[in-house]
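Notes follow the structure.
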Amino acid sequence: MKESQFLNQIVRSLLAGQLKAAADPHRPRWHLAAPVGLLNDPNGFIEHDGRYHLFYQWNPLGCEHRNKGWGHVTSTDLLHWQHEPVALLPTEAYESHGCYSGSAVSDEQGRLTLIYTGNVKYPDGSRTAYQCLARADGEGGFAKLGPVLDLPAGYSGHVRDPKAWHDGRRWLMVLGARTLDDRGEVLLYRGDTLDAWTLVGPIAGSGRGGLGEFGYMWECPDLFPLGDRHVLISCPQGIAPQGEDYRNLYQCGWLVGDFDGTHFAHGAFHELDRGFEFYAPQTTQDSQGRRLLFGWLGLPEENEISQPTLEHGWIHQMSCPRELFWQDEWLCQRPVAELGALKGEQTRFEGAPDELPALAIDSAWLDLVLCGEGRLGFGAVVELVWQPGRLVLRRQNWQSGEWEARSAPWLGGKITVLCDRSSLECFVDGGRQSLSTRYFPGENPVLSARCGGDGSKICLDHWPLAT
Ligand code: FRU
């Protein structure tokens, strides 16, 4: 579609749909969601010239995975976001089936530059991919510079999601890839400039680094230093559930290791979030030196078909902004400190679960110390079950009506839960584990609790959250 036609259709879609989307009782109060249409991966997360920029995969014309361009928002505090002109739309032949995920950098002249995947599908079902550049045009938009890299030999058309950075000497970039024989890998490239890349080789993936068979495709890789180690986050597809692990359709996890600019010697794969909806996260380092992360509170294909928000013409949202840190050599996540500014009046409760007052959780921050065993109910459709060594997040699936569960090990430490209308993010043991989910409670949901036996006790701090 031509750009002018596309823009006309977006205007029509926004005029017709924005009020309806905003009026949805499931619409988040403070999480990021697209004004209309479908949002998926966070893209191009960067702090540039004193502002945080976040881009996102966006179908502005509907709630299906089509017409993918990049929406764009900016903020100075990670809480209040301003919508900017749409950054990328798939108008060129080299991106005919979507301006897919990618990242943002400040180039050698300090210009905000996007690197993304131009996805091209053919009628026979095959596809190809180009890694492409676009640069800020000084008027709030981005000028496309076209493809700078096509497919490497030996790989399928599934090579995408460039995450680029400068290590002080040269540009580096990781790409998610699927080999011709269906192994998922992360490829490392090196470049003296952003438009001249050389393949260094695969740095992780199925059959590599002691992982054994580990999926047919790895999406959205992100490699970054944290303290004196490096972390690789990526999303492998094609891994079967194993006991309590890998319960979602696709996985999202991290590997810690040492990166020498060429090789990444790493340990085991750990899930980054053990809840129902969390995928394709992206990080950036901000000017305070923090490693910040946004994830998509969704999953491709799974549980999308009948999400209640579809009636209001929008689907999916981002996670809260999170900060990554190490604790006992384990990658942990906590909501960024800025979120504290949204807290209203505090309520404290300490006592038996059955005596818990009905606290409003429409939009709330809960800090919990839980003893013995018991259950916390979030409205009628989600439960957090605590028992020695284990936390179980149960929810009633809005599509099937069945109850389903995800769980995480629990050392008995503090639990923080953020509720925002239709999402719940749970940080366990001060952030060693996280469990995120969408849920669709009725109006004015409240917290409830049940004892699970002797010694069952709750210490709770509750704050309503509002922007
Ligand atoms: C992950 C993903 C990426 C791709 C994008 C398309 O959710 O499939 O690999 O670039 O979404 O929207």
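First listed ligand is number 1; within each ligand, the first listed atom is number 1.
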### Query
Is the NZ or CZ atom of Arg135 both under 6.0 Å from the centre of the six-membered ring of Phe142 and within 45° of that ring's axis?
no
### Task
Tell me, please, which residues at least two apart from His230 pass side-chain hydrogen bond (donor to acceptor under 3.5 Å, both in side chains).
none
### Message
Tell me every residue that passes side chain to side chain contact (heavy atoms under 4.5 Å, CB included) with Asp49, counting only those two or more places apart in sequence or in another chain.
### Response
none
I'd like the atom pairs linking ligand 1 to the protein - N or O on both sides, separation under 3.5 Å - with distances to 0.1 Å.
from: ligand 1; atom 1: 7 (O); to: Asp41; atom 2: OD1; distance (Å): 2.8
from: ligand 1; atom 1: 7 (O); to: Asp41; atom 2: OD2; distance (Å): 3.4
from: ligand 1; atom 1: 8 (O); to: Glu219; atom 2: OE2; distance (Å): 2.8
from: ligand 1; atom 1: 9 (O); to: Arg160; atom 2: NE; distance (Å): 2.8
from: ligand 1; atom 1: 9 (O); to: Asp161; atom 2: OD1; distance (Å): 3.4
from: ligand 1; atom 1: 9 (O); to: Asp161; atom 2: OD2; distance (Å): 2.7
from: ligand 1; atom 1: 9 (O); to: Glu219; atom 2: OE2; distance (Å): 2.8
from: ligand 1; atom 1: 10 (O); to: Ser101; atom 2: N; distance (Å): 3.1
from: ligand 1; atom 1: 10 (O); to: Asp161; atom 2: OD1; distance (Å): 2.5
from: ligand 1; atom 1: 11 (O); to: Asn40; atom 2: ND2; distance (Å): 3.3
from: ligand 1; atom 1: 11 (O); to: Asp41; atom 2: OD2; distance (Å): 3.1
from: ligand 1; atom 1: 12 (O); to: Asn40; atom 2: ND2; distance (Å): 3.0
from: ligand 1; atom 1: 12 (O); to: Gln57; atom 2: OE1; distance (Å): 2.7
from: ligand 1; atom 1: 12 (O); to: Lys68; atom 2: NZ; distance (Å): 2.9

### Task
Say whether, by atom type as modelled, one donor and one acceptor occur between the side chain of Arg438 and the main chain of Ser422 under 3.5 angstrom.
yes
I'd like a table of donor-acceptor pairs (distance under 3.5 Å, sequence neighbours excluded) in which one partner is a side-chain atom from residues 197-212, with atom names and distances.
from: Trp197; atom 1: NE1; to: Leu194; atom 2: O; distance (Å): 2.7
from: Ser206; atom 1: OG; to: Phe214; atom 2: N; distance (Å): 2.6
from: Arg208; atom 1: NE; to: Glu185; atom 2: OE2; distance (Å): 3.0
from: Arg208; atom 1: NH2; to: Glu185; atom 2: OE2; distance (Å): 3.3

### Query
Any side-chain donor paired with an acceptor under 3.5 Å for Gln399 and Ser306?
yes
